[in-house]
There are 4 protein chains.
Amino acid sequence: MASSFGVVFRVTTWGESHGPGVGVVIDGCPPGITLSEERIQRELDRRRPGQSRLTSPRKETDRCQILSGVWEGKTLGTPILIWVANEDARPEAYALLAHLYRPSHADYTYQAKYGIRDWRGGGRASARETVGRVAAGAVAASFLGEVCPSLRVTAFVSSVGPLDASVPCEKVDPELVEANPLRWADPKTLQEALALVEQARKEGDSVGGIISCVVRGVPPGLGEPVFDKLDADLAKAMLSLPASKGFEVGSGFAGTRMRGSEHNDPFYQEGDRPRTRTNHSGGIQGGISNGEEIYFRVAFKPVATIAKPQKTVTVEGQEVEFQGRGRHDPCVLPRAVPIVEAMTWIVLADHWLRQRALRPESLLQGGR
Amino acid sequence: MASSFGVVFRVTTWGESHGPGVGVVIDGCPPGITLSEERIQRELDRRRPGQSRLTSPRKETDRCQILSGVWEGKTLGTPILIWVANEDARPEAYALLAHLYRPSHADYTYQAKYGIRDWRGGGRASARETVGRVAAGAVAASFLGEVCPSLRVTAFVSSVGPLDASVPCEKVDPELVEANPLRWADPKTLQEALALVEQARKEGDSVGGIISCVVRGVPPGLGEPVFDKLDADLAKAMLSLPASKGFEVGSGFAGTRMRGSEHNDPFYQEGDRPRTRTNHSGGIQGGISNGEEIYFRVAFKPVATIAKPQKTVTVEGQEVEFQGRGRHDPCVLPRAVPIVEAMTWIVLADHWLRQRALRPESLLQGGR
Amino acid sequence: MASSFGVVFRVTTWGESHGPGVGVVIDGCPPGITLSEERIQRELDRRRPGQSRLTSPRKETDRCQILSGVWEGKTLGTPILIWVANEDARPEAYALLAHLYRPSHADYTYQAKYGIRDWRGGGRASARETVGRVAAGAVAASFLGEVCPSLRVTAFVSSVGPLDASVPCEKVDPELVEANPLRWADPKTLQEALALVEQARKEGDSVGGIISCVVRGVPPGLGEPVFDKLDADLAKAMLSLPASKGFEVGSGFAGTRMRGSEHNDPFYQEGDRPRTRTNHSGGIQGGISNGEEIYFRVAFKPVATIAKPQKTVTVEGQEVEFQGRGRHDPCVLPRAVPIVEAMTWIVLADHWLRQRALRPESLLQGGR
Amino acid sequence: MASSFGVVFRVTTWGESHGPGVGVVIDGCPPGITLSEERIQRELDRRRPGQSRLTSPRKETDRCQILSGVWEGKTLGTPILIWVANEDARPEAYALLAHLYRPSHADYTYQAKYGIRDWRGGGRASARETVGRVAAGAVAASFLGEVCPSLRVTAFVSSVGPLDASVPCEKVDPELVEANPLRWADPKTLQEALALVEQARKEGDSVGGIISCVVRGVPPGLGEPVFDKLDADLAKAMLSLPASKGFEVGSGFAGTRMRGSEHNDPFYQEGDRPRTRTNHSGGIQGGISNGEEIYFRVAFKPVATIAKPQKTVTVEGQEVEFQGRGRHDPCVLPRAVPIVEAMTWIVLADHWLRQRALRPESLLQGGR
């Protein structure tokens, strides 16, 4: 079950970077939902390489095909198989990788785990696996768009290398984010941020950063107490992304420095519903949504593939110097934005369905 | 499945804070492992309230009983049921909580989710639920202690409120940690840290902080690529803990500010195995252990229960002022240390068994 | 996960026959359902040994205790732990079993699987494990009783040894079944059936038989196509019972001798719903309920424990003669009736919740 | 999870009968296993329509393609996606089915469940779904063939309509079975059996029958006690097959008429292992294999598609007469033989891996 995620809305991705293709099966999507390849393609295009020179020049049109589960534009309730063929697979470009372990890639750990590995572009460990996640996220968003139209998920790059955007979550404008190649939320520092990535690219180096995500319109009651807390499942979803090293929700690490009297979110009443004056909880209390905005941040390390020479060892244990030549991103962040959103939609769809099984009447309450 | 964790080594906790008791069922523990109530009790005693005046004065001996799955001191391979009776349950102390929602507790979200809640001391949302986790962690540790005796898990408090301990992970002395009531790793700042908590207690307030954890001796190859990455499962495990708001592994959030050329961990050869000169990866690459030390940090907010007056609303929607009177910890951190360790053991046991199913011969490789 | 059953309504049993007790955790039961120990006890009393001289003289009051998940008579939506202490455990009576394998018991297979076994009365392999199933079935029935009050599950003994009851499923009177110690459906042959069991008891032997079960009032749409077909899950549920050797639904094995033109169930219209004139399908088509009566049959072999001398081998490989002395049933069937019903309720509750997650509006249709 | 089967070796099928294709994802197959499209094709060819005039004339070459998880002829340990395109899809042939419910098909129940259905040839309910199962079975067989080369799975048709083959399980010759178009085990009655099917075909009717399956060389210790008993999982696997109505293992329904003293299988010692003189248990005791031959029987009703006129209702509730015209099998049995074998391999692979996680050393014992 290593390649599956979710309990009721269950997503299984498959595919290697330089095999015939990559894709996903989604089992548990309710029937009767409007779904088309165009809808899915829209999200895939946001993830696609080659959108700007910030990202990998690999040429992939990433055209998706729905092979099952959808008919005449509606989901059937049966498993949805979405497939994207690999077009610009150039395994030969990676032939020299067969015999060494690239630093901070998964080459060595795959070998240790499986005793065999597809060394062509990282094989299954390639970020190309996330194609399936983005497609599944589009399916989840289509479903939730019908049952909870007020729901909004917006991710954006909030820091790149040492530079922080200075726009708070609640003020982020999704259109502005989408309009720049870095998906940077802060117009004032956009040029500086772009320059920082461009500098890394020129130097054959890479930069990391942070993606923030805000979810509006979640009804109270989503998330299970104990192990499958809504924030625990979001944390798992985000840490399962390539290059991710951290997750924090609400006040996060900074909140550990506050006193309880400052951190607690006082309730007040608005109409028939309790609301909170502050939102250090990040919209989740005891693992369950309280109807306020959910917001969280995900740390991405600088991508491991760089053009600079590096020390490493061969499969046979020889210490060597190695210099990468693949087609890669100096900064993974803008392409990771739709992936963070997709995983968020998937988590929400799964918890929505779980709550509908448990107590459907609770889902009539709206969230902010 | 909201109350279960793990795929092969599967843990299910149960129980409310002021009901008859709390406990856990563990299904999937291999047979023939030496296990006793004393072994489990040792860990429960580390979690128990009333150990010092830093923690809740609730009187619980927390005596565990094994009701199944163990016979003549050995596990049978069948489900292990461990039960701890609630002794000092004083539901009447919570009677005034029946009609209002405490700020930043799960009172409101449970009501929104279930339409009913056990308001006695937080019911299922109480940190008392973690008794079952600690017991299950002792079982996991007993199993791994037999198959991988070199494995060590050490957690400790590395910051409290605004104060950071200045001892790096790799230098932490577990005995020193266990010898002070705060489980603080840094002798130089221990008095300062204790004073900080004591000050909060006197003021009827609470403090948050960070727990660090280091795992030594993990063989390479544990963890699944894609969704069930070892760090993704650790992230879920940690975010599922009460009051937890963040998780980072290896270089974490700070690593996002580095360049790829700095962050990559160069390989060198040691005997028959590749090792890394630096360890920004935190012992996990592509979701799979590489044999180096795994280290991560978990953020805990200041606990929500404080003695100061707070604004909130009643169940009927009246805005009121509320002042808590329960028995609680000004600082949850020292008691959370064994809980963090327990969840780590559980994650490791599950991934060990999954890897043994997949490729048993790989587990003969040792880790550092 | 060997000891768990169900996807959303998830049941985990635990306990050995002569350990401290046996029980069950139910995770996923919706909140707000009326539930009491009395309600559960009613079903446990039907399963209890010592009800008549047809069954084992083991003295167990089988008093259940709810340790979590229920408060003030209502389910909380949290895990429900039900425990029954073992009172009349006499492990010493089994001491001679430590060194040999009883024919057609699980003694040898447990040893082969685990390398260790609790030989006291079969340990985990004892039918005493079904206490937890019956308790969980009462919880499932309580839930379904509230959301689908027309639903009825009736099991009865329809053959014992070579004797068949001649009452068709649709004419069985549940009160009549419950009124005789064999739970035999056919008044005309009751004395003959009782005499047959009594004869076996006298001879120190045992008899097998068949339990039939009929479910009325199931709405159309329950059950998943492909692997989790409603009849596939019922088959698994029934074959997981001790001593069970077969399952057939609808026309079953006899139906294989019919032509398609005879076997097909013609549809006609009744009000707003299609109905079938015959019911060879047994109320399930393509794995999904069609609203007609579901009926199935379960084969139970004669119980393995008999008083006659038998040939067997010791743990060390010596061939010996062995004569049992435990307290056992000459005929397991009457006590298996409530167990068959319990497993049926559990399957229905799980599929009901799965369907509610998928498409709640479909559950408003009534079944026959 | 409706379309997934297995815990560690996890199979998910997808696809509609007249959509772009059908297939399967297998997650959890160990790495390093030799696997080719030819190996899988061999099994698919046994299931393929058009092999003789006993079966559907639908023209499908059923060429499989492996899209992931295999490289240079070896499994990678990552998900294996196998796809078979639908070639001879003629949805227009089914257009009249859009408005009515065929008797004893899943047309009505899909509509009741989902509120939408793909009426082209049964959509997902078509037996074409089993393509994915057969492919997955070939993968399971490839794995088990490497770790347990003595293992053999042989299914065959043992009754057709009212005619029984008179060859006992232990004497069946797999080559003889494979050499006749009915996969009939008994040379003496082969012509009679063929004539019986031919007669049904001529009359536009269909016949049912029974498939027997025998498994040799299973080591003792496979199968979990309680819910995931080896026979319970086999029962579920078999009842999940289209048109299946019953399952019995070992002595089955006939065994219910025996006395315990006859039915019990006495142990004797052979070398270092206990064996049984009779095998009424069918190689499974307490849900766990004992190393003897496993044998079971599966009942298949006559297929629902016949050419004779039948009464039914339209979607709008009109009662009408209907006459089928699709391309179908008068007798599903010979094509079901490889499907029964495939599901058996899948169950065995999953339980093998589960046992390897639990106690790998136990798998060194051989079975008969």
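Computation of the quantities below employed the complete heavy-atom set of this structure, encompassing side-chain atoms and omitting hydrogens, waters and symmetry-equivalent molecules. Protein chains get the first letters and strands the later ones, always in sequence-line order, with residue 1 at the start of each.
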Participant: To the nearest 0.5 Å, what is the distance between OG1 (Thr78(A)) and CD (Glu129(D))?
Facilitator: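 Thr78(A) OG1 to Glu129(D) CD: 11.0 Å, rounded to 0.5 Å.
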Participant: Look only at the side chain of Asp118(A) and the backbone of Leu76(D), and say whether a donor-acceptor pair between them is shorter than 3.5 Å.
Facilitator: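 No, because the side chain of Asp118(A) does not come within donor-acceptor range (under 3.5 Å) of the backbone of Leu76(D).
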Participant: Could you tell me the separation between the OG1 atom of Thr75(D) and the OH atom of Tyr114(A), rounded to the nearest 0.5 Å?
Facilitator: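 Here the interatomic distance stands at 10.5 Å.
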Participant: Output side-chain donor-acceptor pairs under 3.5 Å for residues 63-73 of chain D, partner residues at least two apart or in another chain, one line each.
Facilitator:
from: Ser68(D); atom 1: OG; to: Pro79(D); atom 2: O; distance (Å): 2.8
from: Ser68(D); atom 1: OG; to: Leu81(D); atom 2: N; distance (Å): 3.3

Participant: Could you give the distance from OG1 (Thr13(A)) to CG (Asp27(D)), rounded to the nearest 0.5 Å?
Facilitator: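 If we round to the nearest 0.5 Å, Thr13(A):OG1 and Asp27(D):CG are 8.5 Å apart.
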